[in-house]
Amino acid sequence: HVVLYTDDLLEAIREIRRAEAFDRVHLALDFFDASINRVTAWVTGSRAAKKAMLAALLEPTHLLRKAESDGRYGDRLALMDEFRTLPVAAVWNAYCLRSGVPAAADWLADVAAYERDVLSCRA
């Protein structure tokens, strides 16, 4: 079980955002998959969850609320579909670089070095 950036994860996080419930919800992530390195699983899952949170926070939810309050449910649906293609990856990569961590999949080189230099010494 490794958390991935899937539609299910994204929609769950969006619902938390739309309900303004981040302060009332605790998220737990599972990082076990015996077929892969635990560090890779941990980083993949953590980054997926953070990307989903970022996507939810970037969503202009006020537009959804306005459409719904005006009874324009078709507009709300169309907006939700449009929001799926917001430039989350570009914002995510900028966030990573500003935070001093590798962007995109560049972190995999660090895990490979850890496997080579640390894990391989554990026999």
Side-chain angles (χ1 to χ4, degrees):
H1 300 101
V2 178
V3 177
L4 296 175
Y5 187 83
T6 62
D7 287 344
D8 292 339
L9 174 65
L10 184 55
E11 290 308 316
I13 302 295
R14 281 184 171 152
E15 283 303 313
I16 295 168
R17 159 79 159 100
R18 291 171 186 163
E20 297 178 3
F22 278 119
D23 61 336
R24 299 186 313 267
V25 174
H26 296 273
L27 300 172
L29 306 176
D30 187 3
F31 303 114
F32 179 75
D33 184 330
S35 68
I36 63 174
N37 177 303
R38 289 184 189 135
V39 174
T40 303
W42 171 57
V43 175
T44 298
S46 297
R47 289 172 67 105
K50 283 185 170 189
K51 281 187 256 185
M53 287 181 221
L54 175 65
L57 292 170
L58 289 173
E59 178 184 89
T61 305
H62 67 284
L63 297 177
L64 295 177
R65 289 192 182 113
K66 176 77 171 116
E68 187 166 345
S69 69
D70 292 348
R72 296 184 350 260
Y73 304 112
D75 289 7
R76 182 188 64 190
L77 178 66
L79 288 170
M80 288 170 63
D81 191 55
E82 285 300 315
F83 297 165
R84 296 183 64 73
T85 58
L86 290 174
V88 175
V91 176
W92 171 255
N93 287 336
Y95 166 76
C96 288
L97 293 173
R98 287 185 187 147
S99 298
V101 298
D106 292 346
W107 61 273
L108 290 170
D110 294 334
V111 173
Y114 176 77
E115 288 175 331
R116 182 189 65 245
D117 300 339
V118 177
L119 293 183
S120 66
C121 297
R122 298 180 186 172

A.B. asks: If we only count heavy atoms from C-beta on, is the Y5 to T44 side-chain gap below 4.5 Å?
C.D. replies: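 Side chain of Y5 against side chain of T44, heavy atoms only: no contact under 4.5 Å found.
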
A.B. asks: Looking at every non-hydrogen atom in both residues, tell me the closest pair between W107 and T40 and how far apart they are.
C.D. replies: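 Closest pair (atom of W107, atom of T40, distance): CH2-O, 3.7 Å.
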
A.B. asks: Once you round to the nearest 0.5 Å, how far does CG of L64 lie from CG of L77?
C.D. replies: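 Going from the CG atom of L64 to the CG atom of L77 covers 10.0 Å.
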
A.B. asks: Side-chain heavy atoms under 4.5 angstrom apart, residues restricted to Ile, Leu, Val, Met, Phe, Trp, Tyr: same cluster for W42 and W92?
C.D. replies: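 No, separate clusters.
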
A.B. asks: Are any of the side-chain nitrogens in R14 or E59 under 4.0 Å away from the carboxylate oxygens of its partner?
C.D. replies: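 Yes, R14 and E59 are salt-bridged.
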
A.B. asks: Determine, using the 4.5 Å side-chain heavy-atom cutoff (strictly less than), whether F83 and L57 are members of one ILVMFWY cluster.
C.D. replies: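 No, because F83 and L57 fall into different hydrophobic clusters, even though each may have its own neighbours under 4.5 Å.
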
A.B. asks: Can you sort out the partners of A67 under side-chain contact (heavy atoms from CB on, under 4.5 Å), two or more places apart, ordered by chain and number?
C.D. replies: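 Partners of A67 under the side-chain contact (heavy atoms from CB on, under 4.5 Å) test: R72, D75, R76, L79.
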
A.B. asks: What distance do Y114 atom OH and N37 atom CG have between them, rounded to the nearest 0.5 Å?
C.D. replies: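 Separation between the atoms: 7.5 Å.
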
A.B. asks: Give me the atom names and distance for the closest heavy-atom approach of R18 to T61.
C.D. replies: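 Minimum heavy-atom separation between R18 and T61: CG-CG2, 3.9 Å.
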
A.B. asks: How far apart are the closest heavy atoms of L29 and S46, and which atoms are they?
C.D. replies: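 It is CD1-CA, 4.2 Å.
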
A.B. asks: Side-chain heavy atoms nearer than 4.5 Å, only ILVMFWY residues, links allowed to pass through others: does that put V91 and M53 together?
C.D. replies: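 Not linked; separate clusters.
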
A.B. asks: Shared ILVMFWY cluster between V118 and V111, side chains joined below 4.5 angstrom?
C.D. replies: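 Linked within one cluster.
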
A.B. asks: Going by the side-chain contact (heavy atoms from CB on, under 4.5 Å) test, name the single residue among I36, V43, D30 that passes it with V2.
C.D. replies: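 Result for side-chain contact (heavy atoms from CB on, under 4.5 Å) with V2: I36.
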
A.B. asks: Of the non-hydrogen atoms in A55 and L10, which two are nearest, and what is the gap between them?
C.D. replies: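 Taking A55 first and L10 second, the nearest heavy atoms are CB-CD1, 3.6 Å.
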
A.B. asks: Could you tell me whether E68 and R65 make a salt bridge, using a distance below 4.0 angstrom between a side-chain N and a carboxylate O?
C.D. replies: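 Between R65 and E68 there is no salt bridge, as every charged N stays at least 4.0 Å from the carboxylate O atoms.
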
A.B. asks: In residues 97-106, what donor-acceptor pairs under 3.5 Å come from side-chain atoms, sequence neighbours left out?
C.D. replies:
from	atom 1	to	atom 2	distance (Å)
S99	OG	Y95	O	2.8

A.B. asks: If you measure from CZ on R84 to CE on M80, what distance do you get to the nearest 0.5 Å?
C.D. replies: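 Interatomic distance, R84 CZ to M80 CE, rounded to 0.5 Å: 8.5 Å.
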
A.B. asks: For the atom pair CZ (R116) and SG (C121), what is the distance rounded to the nearest 0.5 Å?
C.D. replies: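 Answer for the CZ-SG pair, R116 versus C121, is 10.5 Å.
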
A.B. asks: Drop me the distance from N93's CG to K51's NZ, to the nearest 0.5 angstrom.
C.D. replies: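 With rounding to 0.5 Å, CG (N93) is 8.0 Å from NZ (K51).
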
A.B. asks: What residues, two or more places apart in sequence or in another chain, satisfy side-chain contact (heavy atoms from CB on, under 4.5 Å) together with V25?
C.D. replies: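 Listed in chain order: I16, A21, L27.
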
